Structures are given as C-alpha cells and as structure tokens.
Number of protein chains: 2
Amino acid sequence: MEEKNPIQSAQRIFSVYEYVCRSGNAGLSQITEALGLNKSTVHRMLASLIYMDYVKQDKFTGEYTPTFKTVELGQTILGRLDLPGRVRPYLQELSDSTGETVHLVRRDGTDVVYVDKIEPLHSRSDSIRMASQIGRRRPMYCAGVGKALMASMPENEAAEIWDHSRIEAKTEHTIVTREKMKEELAGIRSRGWALDDEENEKGVRCVAAVIPSDAEPEYAFSISAPAAHLDETHLPEVIREVLKRQKEISDAL
Amino acid sequence: MEEKNPIQSAQRIFSVYEYVCRSGNAGLSQITEALGLNKSTVHRMLASLIYMDYVKQDKFTGEYTPTFKTVELGQTILGRLDLPGRVRPYLQELSDSTGETVHLVRRDGTDVVYVDKIEPLHSRSDSIRMASQIGRRRPMYCAGVGKALMASMPENEAAEIWDHSRIEAKTEHTIVTREKMKEELAGIRSRGWALDDEENEKGVRCVAAVIPSDAEPEYAFSISAPAAHLDETHLPEVIREVLKRQKEISDAL
DNA sequence: CTTCATCGTTTCATATTGTGGAATTCTATT
DNA sequence: AATAGAATTCCACAATATGAAACGATGAAG
C-alpha cells in the first residue's frame, strides 16, 4: 500500500468533502482549523465541490452543507445489489415479530458491511436505537453475522480471515484466541446460527444466520437487541424466528 | 456560477470517481476512453481513490469497483434527517395496504429529493418496480409531491418556484402554463391531496400529500402506481388511505 | 512455442496548476 | 464609527499533475 496519497490535491479536496459530509454543516474557518489547511485553499476546494454539486452554501449563514448527490451515488452502489430488496420482506417480518432491529450484511474481505437495517414498524417501549449504519463495515471476528459467515466457509478460509484480522478485545467477551474461535465456529456449524454475546458492544447481543446460497454464502442477517431483551428466557424463541425466516428465504430464492 | 471547475484535477478525479460509482465496475482502458483523459493520469487518479478507500481493484480482472464508503457517507447525510425514520412505519402500512410503492421526498429549492422509498412487503402480482431512487432529485412542477408542497406554501412563493423552474413537457399531460398550474394548486389546496396524472412519466400516476408541520411543510409522500391500478374505480380508496395516514402522522408528530 | 495485441503499471522531464500570504469585502457587534 | 471576524479575491511562484514513452503481464492467434 502507498504510504501517501499519489495526488496531494485529491487528498485535500476529499478531506474537505468528507468533513462537510460528516459534520453536516460547517463554516470556512471551522473547516480550515479542523484540517490545518490555508483558508484560501479550503475556499477554492469548496468552490470546486459546489461546482460539482457535492456541496452547497447556505445563503444566510455562509455555512457549507452536503447535497444529496452523495446519497444518490451511494444508493446507486447499494441499488446494484440484488439480494437486499428480495429478502427485505422476510427481514421486516422478523423485525416486527420480535420488535427488534434486524441487519443484513454482506461479506467484504475480512469485514462485513451493513447493506440494510430494518426497524420494527412498532417499536417496543423499551427498545433502543442501534448505532449501526448502512455502509459501515465491521470485522467479521466480533460480529454475529461475521461468525455465521466464517462458519459457513471452509475452515482454512476462516483461519485465513482470522489471521488477516486485527484482533482486539472490543469487550471482555470478545473472542481473542484462535482455539476459542475454532470451537465457536464448530458450535455455529452444528447449530446453524451464531450468537454475538456482547462481543462487539457491551450490553448488545445478536442472533445471526447466513442467507443460504448455492455458492459460498456472502450475506448474513441478524437480530440485535439489548442483552436484557435477549436473555436465556427469550433466546430460544428468537432463534426459532431467525431459523424460520432463514428457511422462508431459502425456499423463496 | 463558475463556468469551469476552479480546480482542474478535482474535476478529473471526481469524474473518475463518479464513473466508477455509476458503472459499478470498469477497467482502466474503458474509463480512459469514456473520459478522454491520458491513461497514466487515470491510473494515478484511481490509485488515489484506492488510497482514500473510495474504489478498489479486483485482483483477478483488474477492474475497478466502488467501495461502500460512498454508501456510508450517503447514509451519514441521510441519517441526519430525523423525520424519515419517524414516519416510515406509517408509510410502510400505506404501502402494504395498497400494495404499491410509497415515496417520501424533501423539498430542495425548486426540486424535491427522494429521501425514502417503501415497497409493499408483499407485492401484488402485477406490480412494477418504480425507477425512482433515494437521493435523486426531480422538479416540483411535474411531481405529485412537488405540487402538494407548492400548494401548501404562499402563492407568491409557488409562483417563484414556477418561474425558476425549467418547464418542459415530460409527457403530454405535463402542466406547462402558469394559469393551469395556478388552478391545479387551488384544487390541491381545497382537496388536501395532489395527483400526478401521468405528468412526469407516461403510465404512472401518483397520489401525494404533505407531511403536516408547524412551519411551512418540507416533506411530502406519495403512492405511485401504474395508471391501470390507479384508475377512477380505485382512486377514491387510495386517496382515503393517503389522507388517513397523513392524519396518523400528524397526530403522532 | 512464438508472436502479437491489449491490458495495466511505472518513469520522469516539464508544462501547468494549486498554493498561501496578503489584501479586500462583508456583516454583525460594540 | 470602529472593530472583529467571517468569507472572498488576487497573483507570484513553488510544487505538483501531466502525459509520452517504455515496461510488464496476460491471453489469443498462428
């Protein structure tokens, strides 16, 4: 991998672009300070982004905000995936029947990327909003969906993913040894579902399963919930729901 | 407005970036030909985009594809909007009860931008897939949602939108005169809903209404369907459903 | 097996552009 | 009216982006 951007001005303009996207709105001085660039440089970068319709400037406040063009490009990329649209009805039903958030992910190297996120139509009164976001990536080793995918591939391939992952203990429950992971994957294979037992985020558990496929599965889905909801009492029922929907999806594809 | 990009290399690298996003995957030579740039320039642009993680290169085919980073940025922008998440359950019910696609838009100058799109969980057998896409913009004057929004603002403001729009007859049904639009908006005001009567796309009709707000409404939603579904027989029922959901949303916000 | 075509990759002299310091303009505050 | 602090503009020149040419890889044709 290169150790610096082959095009310096690209680094600069994309820094400005991302800053505006991530902040939502920002003034010239704020961006200048945050990025450590000269303000006439930043000004020209913004003028360029405005010209290309990625950014717009509020007439009254002078602040810069992202346009929806990035949203449209993102949706163009996402919309090219066929599977999410086809499985969404099943995942919405899963979400509705459990009252919890459902995620669909796609494998991307040693990571998974969230490609859909379904909230129940009627949230339970004690539900919490999941911080997950479509487009975000996460390492496979500490995600229920990631482990489900690893369990559905040849063992050597799963081992390679482990070896290429930067293992760190995200919580005290995160699996950090090769042996433990191997056992875990064996368990997942025999059960047909994976559990993220507060391994990625304290207080959050999830039940996951792969989307069956003729080839090696590339997608997986999960129900995430506060650990208090997914306790020993409720777990079996949720597992049943997950496997039921998995079967329906399998039958329909 | 500037008549050329203030930063030439920005123009180039964003051209390459958009090309890769829109095509889904492309080889160096293809991009070079399409954009009329020197191939070593394009190669360096791609190297830069790879460095910034917007693009990746397939190891086997050598082709370049967009990563999910753009999706993530787009979702960051979209996720900053509060209203879509809150009204989605109502719109999903509207979609399910009618079996048609529902759109939520937000006003953006003289245009509307699609910020959500809901498909019924169980499509009717003769449903068609709407070409609309989140992030896409559309002029207000020829969209049901746009007319609904125009009808809910002061007349002079609606007139200004009309004056600043590039009016063209998208179909033979498109309203292209100021007088006709004025009458149309008066009708919408008295009825409380708008109809896109094949004005934007032949064969497609939609019923639209604004999302009520204390201030001037900024969002509107619509049901779109093939004209054959939304004929005179079915229209009253769909209108009732639209107004019913509008009321529920109003009560809940 | 050799040759050829076409793809992506790399190099480097130099033409061209992006840079940033300083001045200017604008607006809100005192 | 003066001041502060924001955004905007200018332009000499330092620095970079450019592209022609060469190179390496791969698959197809003979």
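In this text, all values refer to a predicted model and were calculated from it rather than measured experimentally. A, B, ... follow the sequence lines: proteins, then strands. Residue 1 opens every chain.
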### Query
Which residue, A:Gln30 or A:Ala10, contacts DNA chain D at a nucleotide closer to its 5' end, judged by nearest heavy atom?
A:Gln30
### Message
Suppose we call two aromatic rings close when their centres sit under 6.0 Å apart. Are B:Phe68 and A:Tyr114 close by that rule?
### Response
no
### Task
For B:Glu63 and for A:Met45, locate the closest nucleotide of DNA chain C by heavy-atom distance; then report the residue assigned to the nucleotide nearer the 5' terminus.
B:Glu63
### Query
Any idea which of D:dA17, C:dG21, D:dA7 is nearest the A:Asn38 side chain?
C:dG21
### Short side-chain donor-acceptor distance under 3.5 Å, A:Tyr54 and B:Glu18
yes
### Query
Is there a donor-acceptor contact under 3.5 Å linking the side chains of A:Thr110 and A:His164?
no
### Query
Between A:Leu37 (CG) and C:dG20 (C1'), how many Å, whole number?
11 Å
### Summary
Taking C:dT9, D:dA17, C:dT19 as options, the one with an atom nearest any side-chain atom of A:Thr41 is C:dT19
### Query
Quick one: A:Tyr51 OH to C:dG18 P, roughly how many Å, whole number?
13 Å
### Query
Just how far, in rounded Å, is C1' of D:dA17 from CG of B:Leu35?
17 Å
#### Entry: Any side-chain donor near an acceptor of the partner, A:Thr174 and A:Glu199, under 3.5 Å
no
### Summary
What residues 15-28 of chain A contributes to the DNA chain D interface at heavy-atom separation below 4.0 Å is A:Gly27, A:Leu28
### Task
Check whether any side-chain nitrogen or oxygen of B:His43 sits under 4.0 Å from OP1 or OP2 of C:dT9, and answer yes or no.
yes
### Query
Yes or no on salt bridge (Lys or Arg N to Asp or Glu O under 4.0 Å) for B:Arg107 and B:Glu216, after CA distance, side-chain angles and deciding distance?
CA-CA 11 Å; B:Arg107 181 189 167 186; B:Glu216 198 169 291; 3.7 Å; yes
### Message
Tell me the interatomic distance from A:Arg12, atom CZ, to D:dA15, atom P, rounded to whole angstroms.
### Response
11 Å
### Task
May I ask you to verify if any side-chain N or O of A:Ser9 is less than 4.0 angstrom from the OP1 or OP2 atom of D:dT16?
no
### Any B:Ser40 side-chain nitrogen or oxygen under 4.0 Å from OP1 or OP2 of C:dT10
no
### Query
How long is the line joining NZ of B:Lys39 and P of C:dT10, in whole Å?
13 Å
### Task
Kindly check if the number of other-residue, nucleotide or ligand heavy atoms within 6.0 Å of CD (B:Glu157) is above 12?
yes
### Query
Are OP1 or OP2 of C:dG18 and a side-chain N or O of A:Arg44 less than 4.0 angstrom apart?
no
## Note on the structure
Rounded to whole Å, CD of A:Gln11 lies from P of C:dT19 at a distance of 12 Å
### Message
One pair to check against side chain to side chain donor-acceptor pair (under 3.5 Å): B:Gln30 and B:Tyr19. What are the steps and the verdict?
### Response
CA-CA 10 Å; B:Gln30 181 187 342; B:Tyr19 188 91; 3.1 Å; yes
### Task
Please state whether the phosphate of C:dT9, meaning OP1 or OP2, lies under 4.0 angstrom from any side-chain nitrogen or oxygen of B:Gln57.
yes
#### Entry: Atom-to-atom span, CZ of A:Phe60 to P of D:dA7 - whole angstrom
17 Å
### Query
Rounded to whole angstrom units, what separation is found between the CG atom of B:Leu49 and the P atom of C:dG8?
15 Å
